[in-house]
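Below, read A as the first sequence line, B as the second, and so on, with proteins coming before strands; counting in each chain starts at 1.
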There are 2 protein chains.
Amino acid sequence: MPRHPTRPDESRASIEISEACYAARVRLVGRMVTRIYETALRPLGLTTAQMNILVLTSRLGEASAARICGILWLDPSTLSRNLERLQARGLITQRPGTDRRSRLLWVTRKGADTLAEALPLWRGAQSEVEKALGRATAVSVKAVGDRLLAEGFSREKTDD
Amino acid sequence: MPRHPTRPDESRASIEISEACYAARVRLVGRMVTRIYETALRPLGLTTAQMNILVLTSRLGEASAARICGILWLDPSTLSRNLERLQARGLITQRPGTDRRSRLLWVTRKGADTLAEALPLWRGAQSEVEKALGRATAVSVKAVGDRLLAEGFSREKTDD
DNA sequence: CCTCATAATTTGTATCTACAATTATTGCCT
DNA sequence: AGGCAATAATTGTAGATACAAATTATGAGG
């Protein structure tokens, strides 16, 4: 039975959740920030997710999908679909690893060129984020991510 | 022409981006946090996005889609699809507004009950986030979201 | 009153994301 | 060697997200 509308919330749950929910806030910031990078990178036809995968692969030189997933806390199926697109565009290639279950991924020349083209656009997005969030806030958000990223890297060796 | 693999990154771009990118970090934290809430809420068949919309609607008592979008910085088309699901489950209903272009949305009794059931699960997720990020970090992330949320609310009156 | 810019939503399309289940390999253990 | 759990990746499915374009209803001017 529907309640009468226009009644500002009789339940405790919505008050407590709306005032404290980390998920709502993290996701809100994520949407806002992502939008800035998507807009900046659109001229290259590169998405934020794709850029991040390309960047990490470039830094690793060569890496298995599993390793990238571990560092970025990405589900393997998600990475799989993103790699499809990056490989279709010729930005990333693979070669069979010694273990025939896995492939080793690396960035092509075209991929490296695309990253170079992306750099100035990415810098613009970084500035916009600092303007939108305030520099201090942006830096503190970055610090949180740094910690998780470091955890992702360390998971490679120290298998807790 | 593909480069020889195993070469640890000759380009400046991937170094600069990987060490400073806000987007990579914000999205990483978002994935991690979202996963915690999705897992916690799964028994209710409620997603994180749905919960947040339900909560806000409940707090507003009654609201147009446009108003919700403004506060949450959500694209109208995104909200439209999420409302489809919430309405299909009978958690939210609508009635025509005075302006026949728009509808006023409100939470049904069933929706309020679902929120009440979600509360303890949500509390568990909150704790998990504090454990995963560290309480101080979680609070600082929350502060960032609070600011954007406040901006969303204030946009309602002061149309800058 | 008609026209047209505007506002509120929805639809079409594409990407990102993850869970569950499947496929292909590996490597251990008897 | 043979069987079988574990590992790497893909596929099926579904929700979240946004941009562009279409739809519907208002409202302001001529």
Side-chain angles (χ1 to χ4, degrees), chain A residues 23-24 26-54 63-70 72-89 94-105 156 159, chain B residues 23-24 26-54 63-70 72-89 94 96-105 159:
Chain A
V26 166
R27 291 163 62 81
L28 174 59
V29 176
R31 283 193 297 273
M32 164 140 290
V33 169
T34 296
R35 231 177 305 212
I36 290 173
Y37 291 80
E38 297 289 354
T39 303
L41 296 173
R42 190 156 307 131
L44 292 182
L46 199 64
T47 64
T48 310
Q50 289 165 12
M51 178 194 69
N52 289 142
I53 291 166
L54 203 53
S64 68
R67 189 169 176 216
I68 294 173
C69 287
L72 294 182
W73 303 77
L74 264 180
D75 189 88
S77 64
T78 300
L79 181 60
S80 184
R81 264 67 182 250
N82 279 323
L83 285 174
E84 264 175 29
R85 290 160 199 133
L86 287 165
Q87 293 186 317
R89 283 188 55 189
Q94 53 179 295
R95 67 181 185 80
T98 45
D99 185 332
R100 231 155 311 174
R101 285 171 299 185
S102 68
R103 322 146 313 172
L104 290 177
L105 301 158
E156 300 201 272
D159 199 304
Chain B
V26 165
R27 290 163 63 82
L28 173 59
V29 175
R31 283 194 299 272
M32 162 140 292
V33 168
T34 296
R35 231 177 305 212
I36 291 174
Y37 290 81
E38 297 289 353
T39 303
L41 296 173
R42 191 158 305 130
L44 291 182
L46 200 64
T47 65
T48 311
Q50 288 166 12
M51 179 193 69
N52 288 144
I53 291 166
L54 202 52
S64 69
R67 189 170 174 214
I68 294 173
C69 288
L72 294 182
W73 301 77
L74 264 180
D75 189 87
S77 64
T78 300
L79 181 61
S80 183
R81 264 65 180 250
N82 280 324
L83 285 174
E84 261 175 30
R85 293 164 196 130
L86 288 164
Q87 293 186 316
R89 284 188 53 188
Q94 54 180 291
T98 44
D99 185 330
R100 232 156 310 176
R101 282 171 302 184
S102 69
R103 323 145 314 176
L104 290 178
L105 301 157
D159 198 306

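Taking side-chain N and O atoms only, B:Asn82 has a distance below 4.0 Å to OP1 or OP2 of D:dT17.
Residues A:Ala65 and A:Leu83 approach most closely at CB-CD1, 4.5 Å, considering heavy atoms. Closest heavy-atom contact between A:Cys69 and A:Pro76: SG-CA, 3.6 Å. Closest of all the heavy-atom pairs between B:Ala63 and B:Ile68 is CB-CG1, 4.1 Å.
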| Sequence-aligned protein contact record of nucleotides 3-13 of chain D, with B where the base is within under 4.0 Å of a protein heavy atom and S where only the sugar-phosphate is | ---BBSSBBBB
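In this structure, CG of B:Leu86 is placed 16 Å from C1' of C:dT10, rounded to the nearest angstrom. Atom pair B:Asn52:CG and D:dT17:C1' shows a separation of 14 Å (rounding to whole Å applied). One atom, CG of A:Leu74, and another, C1' of C:dC19, lie 14 Å apart when rounded to the nearest Å.
To the nearest 0.5 Å, atom OG of residue B:Ser80 and atom CD of residue B:Gln87 are 8.5 Å apart. For the atom pair CZ of A:Arg67 and CG of A:Leu104, the computed distance is 10.0 Å after rounding to the nearest 0.5 Å. Interatomic distance, CZ of A:Arg81 versus CG of A:Asp75, reported as 9.5 Å (0.5 Å rounding).
At distances below 3.5 Å, at least one donor-acceptor pair connects side-chain atoms of A:Arg31 with backbone N or O atoms of B:Leu72. Checked by atom type and distance alone, the side chain of A:Thr39 pairs as donor or acceptor with a backbone atom of A:Arg35 at under 3.5 Å.
Of the residues in residues 26-42 of chain B, those with a non-hydrogen atom less than 4.0 angstrom from any atom of DNA chain C are B:Arg27, B:Arg31, B:Arg35, B:Arg42. Using a 4.0 Å cut-off on heavy atoms, none of the residues of residues 44-51 of chain B approach DNA chain C.
The side chain to side chain donor-acceptor pair (under 3.5 Å) search around A:Asn82 returns A:Arg85, not counting sequence neighbours.
When the local axes at the two ends of the helix from C:dC1-D:dG30 to C:dT30-D:dA1 are compared, using 5 base pairs at each end, they differ in direction by 10° after rounding to 10°.
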Taking distance alone, no hydrogens or angles, what donor-acceptor pairs closer than 3.5 Å link side-chain atoms of residues 44-54 of chain A to residues at least two apart or in another chain?
residue, atom, partner, partner atom, Å
A:Thr47, OG1, A:Gln50, N, 3.2
A:Thr48, OG1, A:Glu38, OE2, 3.1
A:Gln50, OE1, A:Thr47, N, 3.3

